[in-house]
Amino acid sequence: MIKIVFITAFAVCSLIACGQSKTQKTETTTIKKTQKMNTNKLTNETVKAAFDAWQNGDSKTFLSCFTAEAKLYDDGSPRNFQSFVKEACGHERFTSIETVENEGKDITGNFHTESWGDFKTYFKFSIGADGKVYRLDIGQAK
């Protein structure tokens, strides 16, 4: 009888512990997915569309904000724009926006990457008369 009570109690505790672990994991995942950054500071429509797409890991929409020949400069050095988007979009994101300047085209804030961790960065968008971004400057902000 004691054996049966012990086995039953062990099984119930194990199930409860498993359920708690799953719940915590689900809550953490949900929090990450539902955390929405306040983007009211983003006043330029093209920049806001590109920023929202970047934050959502939506490379197709992000790329639609750019010209076909868009250039990327990373800390002043040219970089392959298409490769950057393919590698980074969905894996890197802003965690906060500190400043928005230059008519809404320059964003500085805290940034998270899976490779390099967290640091302050900038994205500077150069937009043509057609409303598309033709150059993106990114880099570590001071």
Side-chain angles (χ1 to χ4, degrees), residues 3-142:
K3 258 186 180 177
I4 293 173
V5 170
F6 177 75
I7 292 171
T8 304
F10 180 76
V12 168
C13 288
S14 295
L15 289 173
I16 290 171
C18 287
Q20 286 175 346
S21 176
K22 269 187 176 177
T23 301
Q24 285 178 326
K25 198 173 213 175
T26 302
E27 286 173 7
T28 303
T29 303
T30 303
I31 289 169
K32 283 186 180 181
K33 285 183 181 176
T34 59
Q35 274 182 338
K36 184 90 169 141
M37 186 180 316
N38 183 352
T39 58
N40 290 340
K41 294 179 183 179
L42 302 178
T43 56
N44 182 289
E45 289 181 32
T46 302
V47 170
K48 181 160 178 19
F51 184 89
D52 288 343
W54 183 265
Q55 291 297 103
N56 291 320
D58 181 353
S59 60
K60 184 177 179 182
T61 301
F62 182 76
L63 288 170
S64 75
C65 298
F66 291 79
T67 64
E69 317 75 40
K71 304 289 182 205
L72 172 67
Y73 291 85
D74 188 347
D75 282 324
S77 298
R79 189 166 167 195
N80 184 294
F81 177 68
Q82 295 292 327
S83 294
F84 165 72
V85 173
K86 186 176 180 180
E87 294 165 9
C89 191
H91 303 282
E92 300 181 359
R93 69 190 179 287
F94 277 88
T95 56
S96 68
I97 299 171
E98 288 187 16
T99 60
V100 178
E101 300 172 321
N102 187 22
E103 299 174 347
K105 295 181 278 190
D106 298 351
I107 302 170
T108 303
N110 293 311
F111 199 73
H112 173 79
T113 71
E114 293 173 0
S115 307
W116 301 101
D118 299 334
F119 54 92
K120 192 181 220 180
T121 195
Y122 64 84
F123 274 34
K124 295 182 179 188
F125 298 82
S126 297
I127 302 172
D130 61 355
K132 298 261 186 180
V133 180
Y134 63 87
R135 176 178 171 147
L136 177 63
D137 288 88
I138 64 172
Q140 190 164 354
K142 296 176 184 179

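Computed from heavy atoms alone, side chains included, the values below leave out hydrogens, waters and symmetry copies.
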Undergrad: Mind checking whether N44 and V100 have side chains closer than 4.5 Å, heavy atoms only?
TA: no
Undergrad: Please list, chain by chain and in numerical order, all residues satisfying side-chain contact (heavy atoms from CB on, under 4.5 Å) with V85, sequence neighbours excluded.
TA: S59, F62, L63, F81, C89
Undergrad: Is the distance from the ring center of F94 to that of F51 below 6.0 Å?
TA: yes
Undergrad: Just so I know, are the side chains of N110 and E98 near enough to count as touching, which here means a heavy-atom distance under 4.5 Å?
TA: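 Side chain of N110 against side chain of E98, heavy atoms only: contact under 4.5 Å found.
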Undergrad: Would you check if F125 and T46 make a side-chain contact, meaning some heavy-atom pair closer than 4.5 Å?
TA: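 No - every pair of side-chain heavy atoms lies 4.5 Å or more apart.
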Undergrad: Look up atom OG1 in T108 and atom CD in E101, then write down how far apart they are to the nearest 0.5 Å.
TA: 6.0 Å
Undergrad: Who are the side-chain hydrogen bond (donor to acceptor under 3.5 Å, both in side chains) partners of S126, not counting sequence neighbours?
TA: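 Listed in chain order: nothing, the list is empty.
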Undergrad: As a quick check of understanding, evaluate side chain to side chain contact (heavy atoms under 4.5 Å, CB included) for T113 and F119, giving each step before the final call.
TA: CA-CA 9 Å; T113 71; F119 54 92; 3.9 Å; yes
Undergrad: Keeping the roles fixed (side chain from T121, backbone from A141), state whether a donor-acceptor pair exists under 3.5 Å.
TA: no
Undergrad: Could you tell me whether F84 and W54 have their ring centroids closer than 6.0 angstrom?
TA: yes
Undergrad: Taking salt bridge (charged side-chain N to carboxylate O under 4.0 Å, His left out) as the cut-off, I'd like each qualifying pair that reaches into residues 128-142, sequence neighbours left out, listed once.
TA: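 Passing the test, one end in residues 128-142: R135-D137.
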Undergrad: State the CD-OG1 distance between Q55 and T95, to the nearest 0.5 angstrom.
TA: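 It is 8.5 Å, given to the nearest 0.5 Å.
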Undergrad: For a side chain to side chain contact (heavy atoms under 4.5 Å, CB included) with S83, tell me which candidate from K86, E87, R79 qualifies.
TA: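 Of K86, E87, R79, side chain to side chain contact (heavy atoms under 4.5 Å, CB included) with S83 is met by E87 alone.
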Undergrad: If you round to the nearest 0.5 Å, how far is OG1 of T43 from NZ of K105?
TA: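 Separation between the atoms: 10.0 Å.
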Undergrad: Evaluate whether atom CD of E103 has more than 12 neighbouring non-hydrogen atoms of other residues, nucleotides or ligands under 6.0 angstrom away.
TA: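 No, not enclosed.
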Undergrad: Determine whether F123 and F111 make a side-chain contact, defined as any pair of heavy atoms from C-beta on separated by less than 4.5 Å.
TA: yes
Undergrad: Within the distance-only criterion (no hydrogens, no angle test), does the side chain of D75 pair as donor or acceptor with the backbone N or O of Q140 below 3.5 angstrom?
TA: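 Yes, D75 side chain to Q140 backbone: donor-acceptor pair under 3.5 Å.
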